[in-house]
Chemist: 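Just dropping this structure here.
Below, all heavy atoms of this structure are taken into account, side chains as well, without hydrogens, waters or symmetry copies. Note that the coordinates shown come from a computational prediction; the quantities given were computed from them, not determined experimentally.
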Amino acid sequence: MVKRTSLEGDACPIARSLDAIGDWWSLLIIRDAFMGRRRFGEFQRSLGLAKNILTVRLRNLVERGILATEPASDGSAYRDYVLTAKGRGLFPILVALRQWSEEFDERPEEIATMLVDRRNERPVRRLMLCSEDGRVLAASDTTLKPRSGALAGGGAGASGENGSR
């Protein structure tokens with residue numbers, strides 16, 4: 001198996017995030033945790049993932065503080081995997097990925113579910129990036145600027161003409 005290069009120390013926050021959650025199995029495990037799955041066997045059945053690969057991905061998510069283990073809720077000897085605050089913070093990212101797929105997928109009619117508000121059963125509004133004063137922003141409305149006290153030249157910065165990445 002090829003060893004991945006760590007992006008943990010990269011100056012770009014997107015690269016750092018991908019170091020923690022950048023493979024599809026990890027994102028699918030997190031998705032399943034949001035859907036209420038807590039046990040190794042539940043993740044394994046849902047994903048059809050080899051046990052050794054699932055073990056590595058779960059261990060990584062626990063080590064990075066995205067999932068935590070706790071005694072099984074039924075009192076058995078098993079352990080439950082639960083989302084931490086850091087893991088729950090990934091919810092908007094999963095929604096953004098879902099909405100991107102719903103908009104650009106070549107066969108949207110094959111998408112089996114839709115995200116709805118529990119209270120009124122209505123579809124969730126598309127995520128929007130807004131300025132502090134409430135204006136909806138496009139990529140061309142944003143740019144990157146150095147953070148005061150940040151290390152100079154420490155990795156990938158902006159890409160593209162508009163500075164978004």
Chemist: Less than 4.5 Å apart, any side-chain heavy atom of Leu49 and any of Phe43?
Modeler: no
Chemist: Between Arg122 (side chain) and Asp117 (backbone), is there a donor-acceptor pair under 3.5 Å?
Modeler: no
Chemist: Is it true that the side chains of Asn52 and Thr55 contain a donor and an acceptor less than 3.5 Å apart?
Modeler: no
Chemist: Without swapping roles, check the side chain of Thr84 against the backbone of Gly65 for a donor-acceptor pair under 3.5 Å.
Modeler: yes
Chemist: Which residue in the set Leu97, Leu90, Leu47 passes side chain to side chain contact (heavy atoms under 4.5 Å, CB included) when paired with Arg31?
Modeler: Leu47
Chemist: Quick check on the hydrophobic clustering: are Met35 and Ile21 connected, directly or via other members, by side-chain heavy-atom contacts under 4.5 Å?
Modeler: no
Chemist: Flag the pair Phe34 / Phe91 as yes when their ring centroid distance falls below 6.0 Å, and as no otherwise.
Modeler: yes
Chemist: Decide yes or no for Ile29 and Arg37: does some side-chain heavy atom of the first lie under 4.5 Å from some side-chain heavy atom of the second?
Modeler: no
Chemist: Asp105 side chain to Glu102 main-chain N or O, any donor-acceptor pair under 3.5 Å?
Modeler: no
Chemist: Taking the side chain as every heavy atom from C-beta outward, state whether Val116 and Val124 have any pair of such atoms under 4.5 Å apart.
Modeler: no
Chemist: May I ask you to say whether Asp74 pairs ionically with Arg39, meaning some side-chain N is under 4.0 Å from a carboxylate O?
Modeler: yes
Chemist: Looking at side-chain heavy atoms only, is the closest gap between Thr142 and Leu129 below 4.5 Å?
Modeler: yes
Chemist: Should Pro123 and Met114 count as side-chain neighbours, where that means a heavy-atom distance under 4.5 Å?
Modeler: yes
Chemist: Evaluate salt bridge (Lys or Arg N to Asp or Glu O under 4.0 Å) for Arg135 paired with Asp133, printing each intermediate quantity in order.
Modeler: CA-CA 6 Å; Arg135 290 175 297 118; Asp133 64 12; 3.1 Å; yes
Chemist: Please determine whether the number of non-hydrogen atoms from other residues, nucleotides or ligands lying under 6.0 Å from atom CD of Glu106 exceeds 12.
Modeler: no
Chemist: A side-chain contact here means heavy atoms from C-beta on lying under 4.5 Å apart; do Pro71 and Asp80 qualify?
Modeler: no
Chemist: Would you call Arg38 and Glu42 a salt bridge, using N to O less than 4.0 angstrom?
Modeler: no
Chemist: Working to the nearest 0.5 Å, report the span between CG of Leu115 and CD of Gln99.
Modeler: 7.0 Å
